[in-house]
*Asks:* 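Before we start, here is the structure in question, set down as structure tokens.
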Amino acid sequence: MPSRQFLSEQEEQQIVEAINTAEQKTSGEIRIHLEHHCEGDPLNRADQVFHNLGMDETKLQNGVLIYVATEDHKAAVYAGKGIHREVEEGFWDDVLQILISHFKQEEFEQGIEEAVHKVGNKLEELFPYHQKGDLDELSNEISFRDNKN
Ligand code: CA
Ligand code: CA
């Protein structure tokens, strides 16, 4: 039996759509990064990826990275300075719990989509989309390890 792909192409598309939708309501930027393995603490790795993807270069420092190591079943949510300090305590843990509880049921797509939704609503609240010239500063495509961007 072939091993189950983490996300089907259609599921990937659904997630990209969820990011598109979320970013229409906020100046914030959401990205998903998937890779197979993560040695050590996923939050440290997410920190690295955040910088590698240039997510620390958004104007308002309001990027949020959802990081998943698919084989190791590790996940982390990493937010830019502009948003990290603005949210109530426990918020990031709640997002992580959404991911983990769905992943336990092998509902990978739903887990990520719900997490995007929750983060999107928070970003909308803190960074509403009203600035003239608001840009899509970071691609909404899912980032995989070995991708150059
Ligand atoms: Ca934007
Ligand atoms: Ca974007």
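Start at 1 and go down the list; that is how both ligands and their atoms are numbered. None of the values given here were measured: they were computed from a predicted structure.
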*Asks:* The criterion is salt bridge (charged side-chain N to carboxylate O under 4.0 Å, His left out); which residues satisfy it with E35, sequence neighbours excluded?
*Replies:*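 Once residues adjacent in sequence are excluded, the partners of E35 under the salt bridge (charged side-chain N to carboxylate O under 4.0 Å, His left out) criterion are R45, R145.
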*Asks:* With sequence neighbours left out, what residues match E88 under salt bridge (charged side-chain N to carboxylate O under 4.0 Å, His left out)?
*Replies:*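 Checked E88 against salt bridge (charged side-chain N to carboxylate O under 4.0 Å, His left out); matches are K122.
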*Asks:* Just to be careful: counting only protein atoms that are N, O or S, how many fall under 3.0 Å of the Ca ion (ligand 2)?
*Replies:*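 Step by step: take the Ca ion (ligand 2), keep protein N, O, S below 3.0 Å, and you get 6.
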*Asks:* To check you understand the geometry: which heavy-atom pair defines the closest contact between T26 and F127, and what is its length?
*Replies:*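 Smallest interatomic distance, heavy atoms only, reads OG1-O, 2.8 Å.
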*Asks:* Which class fits the ring pair F103 and F6: parallel under 30°, tilted 30 to 60°, perpendicular over 60°?
*Replies:*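 It falls in the perpendicular class, over 60°.
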*Asks:* Which pair of non-hydrogen atoms, one from L138 and one from G54, has the smallest distance, and what is that distance?
*Replies:*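 Nearest pair, atom of L138 first, then G54: CD2-O, 4.0 Å.
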*Asks:* Just jot down the side-chain hydrogen bond (donor to acceptor under 3.5 Å, both in side chains) partners of E107, sequence neighbours excluded, or say none.
*Replies:*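 E107 satisfies side-chain hydrogen bond (donor to acceptor under 3.5 Å, both in side chains) with H102 only.
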